[in-house]
Every structure is written in C-alpha cells, then in structure tokens.
Amino acid sequence: MLINRFFLLLFGLTTMTAAAQEFKPFKVNLSTGYALPIGRGASGGLLLSVEPKYGLSDRIDLGLRYELGLIVKAYTLDNEQGSTELKGSNSFLITGNYLLSDTDFRPFIGSGVGVFNILSVNLSQNGGAVDGGVSGGTKLGAMVRAGIKARHFVLGAEYNLVPKTRGIVVGSSGANLNYESPNAYFSIKLGLDIGGGRL
C-alpha cells in the first residue's frame, strides 16, 4: 500500500511538472502603433517598441520594453498655450503581464516601471523665441496596459504615466516665464510575439 501511494505521488508530481513546462518561455514582441500625448495642442505620432519577454508560467511574463515615439508635445508659458515641433522620445521599462485565460484568445493586463528620456525643445511666445529653450532629461515613470492576445498577434492599449516637466525660462523680453509640459501619453499598438507559445 505504501509503495502504491509513493508511485501515485510520483506520477502526480511528474504530471504537474510536465503541465508546467508545456510552453516556450522566451519570446520577443515587436509592435507599432499610435501615440497620443496629453495636453491641449498636442498631437500624436508613430510609435515603435521591442519587448523581449520571459514566461515564468503560461500566464505570467516578465519583460524589458524599449519604446520610441514621435510626437508633438503641448506646453504652457505663463498660461499661454503652445506646442513643440515633432520630436522623438524613448523609454526603457521593466514590464509584467498576466494573461487571464488559457485559450487561444487571451485577454491580459500588465504594468511596468522604468525611465523615460525627454528630449529638449525650442519654445516661442507670441512668435518670439525664448532664450535657451528647455533642456531634456530623464524621468522615472510607470505604465499600465490591457489588451488581447490571439495566438501570436497582440492588440493593446497603454497609458504611460510620466511626471510633467516644469521650470522657469527667460523670454525674449528678458522676463522670467513659468514653463510646464505634460509628458504622459496614451498608445494603441498592434504587435507580434515571435517565439513563445505552447509546445
């Protein structure tokens, strides 16, 4: 009887281990989409991202997202609205996804945290140049996402939470002007997971 229980337990552990390994853990997501920055006067542009991911299980992925976006940002100078020229920005985030089903049609949710590189911009007020513009920098930010994965195709929406850029710049008249520009943005992306899947 004891031997029977031992073999029954061994069979159960072997089955669980085999089930846990019925997927390929490594994959790379390539996506393109549309980025829409926050702020009145801002306009969206092209978005490209690469995200290697490693599956801790068939439902949980950890990844590293690199994203490049071309957008026109909004800003205010002493409450006067303006917008920058088309500029690129990029980010590096550690990400995590949780898939909500085991079928071929798999909704998912996820989040991430990392650094966003904000590029410098040239400003103007009433058509006049502002001395020096605003230099770029790096900001710590976060991201939340939700979407659908159908086999290897991925459709998702993300919101990137990045702190505003604030400062004081010198106007063409020599007066100090309060500067503020939102850095957060929404995105809609369509992508493809290369690799991964079930064995």
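Computation of the quantities below employed the complete heavy-atom set of this structure, encompassing side-chain atoms and omitting hydrogens, waters and symmetry-equivalent molecules.
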K.L.:
Can you list the residues that meet the salt bridge (Lys or Arg N to Asp or Glu O under 4.0 Å) rule with K139, with sequence neighbours excluded?
P.N.:
none
K.L.:
With rounding to the nearest 0.5 angstrom, report the CG to CG distance, N160 to L47.
P.N.:
8.0 Å
K.L.:
So if you build clusters from Ile, Leu, Val, Met, Phe, Trp, Tyr with side-chain heavy-atom gaps below 4.5 Å, do M143 and I118 land together?
P.N.:
yes
K.L.:
Nearest 0.5 Å please: distance from the CD1 atom of I188 over to the CG atom of L36.
P.N.:
9.5 Å
K.L.:
How about E51 and T95: does a side-chain donor come under 3.5 Å of a side-chain acceptor?
P.N.:
yes
K.L.:
Is there a side-chain contact between T165 and N183 (heavy atoms, below 4.5 Å)?
P.N.:
yes
K.L.:
Test S91 against N117 for side chain to side chain donor-acceptor pair (under 3.5 Å), laying out the working first.
P.N.:
CA-CA 6 Å; S91 61; N117 296 314; over 6 Å; no
K.L.:
Any Lys/Arg nitrogen of R65 or E158 sitting under 4.0 Å from an Asp/Glu carboxylate oxygen of the other?
P.N.:
yes
K.L.:
With a 6.0 Å cut-off (strictly less than), is the heavy-atom count around CD1 of I194, excluding the residue itself, greater than 12?
P.N.:
yes
K.L.:
Is it true that V72 and L70 fall in one hydrophobic cluster, defined by side-chain heavy atoms closer than 4.5 Å?
P.N.:
yes
K.L.:
Hey, is K149 close enough to D104 for a salt bridge, meaning N to O under 4.0 Å?
P.N.:
no
K.L.:
With ring pair (Phe, Tyr, Trp, His ring centres under 6.0 Å) as the rule and sequence neighbours excluded, what pairs involving residues 88-108 come up?
P.N.:
Y66-F92
K.L.:
F26 and L192: same hydrophobic cluster, using ILVMFWY side-chain contacts below 4.5 Å?
P.N.:
yes
K.L.:
With a 4.5 Å heavy-atom cut-off, do F153 and I148 have their side chains touching?
P.N.:
no
K.L.:
So how far is it from T138 OG1 to N90 CG, rounded to the nearest 0.5 Å?
P.N.:
8.5 Å
K.L.:
Please list, chain by chain and in numerical order, all residues satisfying salt bridge (Lys or Arg N to Asp or Glu O under 4.0 Å) with K53, sequence neighbours excluded.
P.N.:
D193
K.L.:
N97 vs I60, test: side-chain contact (heavy atoms from CB on, under 4.5 Å). Steps then yes/no.
P.N.:
CA-CA 6 Å; N97 284 348; I60 300 175; over 6 Å; no
K.L.:
Would you name the heavy atoms of D102 and R106 that are closest together and state the gap between them?
P.N.:
OD1-NH2, 3.7 Å
K.L.:
Distance check, rounded to the nearest 0.5 Å: D58 atom CG versus S101 atom OG?
P.N.:
9.5 Å
K.L.:
Measure the acute angle between the ring planes of Y159 and F186, then classify it against the limits of 30° and 60° as parallel, tilted or perpendicular.
P.N.:
tilted
K.L.:
Find out if a path of hydrophobic residues (ILVMFWY) with successive side-chain heavy-atom gaps under 4.5 Å connects L64 to Y54.
P.N.:
no
K.L.:
Would you call E67-R145 a salt bridge at under 4.0 Å N-O?
P.N.:
no
K.L.:
Out of curiosity, I38 CD1 to Y185 OH, how far, rounded to the nearest 0.5 Å?
P.N.:
11.0 Å
K.L.:
Answer with yes or no whether the side chains of K189 and T32 bring together a donor and an acceptor at under 3.5 Å.
P.N.:
no
K.L.:
Rounded to the nearest 0.5 Å, how far apart are CG of L99 and CG of D61?
P.N.:
6.0 Å
K.L.:
Consider only side-chain heavy atoms of I, L, V, M, F, W and Y, link residues closer than 4.5 Å, and tell whether Y34 and L30 are in one cluster.
P.N.:
no
K.L.:
Less than 4.5 Å apart, side chain to side chain, heavy atoms only: is that true for L62 and L56?
P.N.:
yes
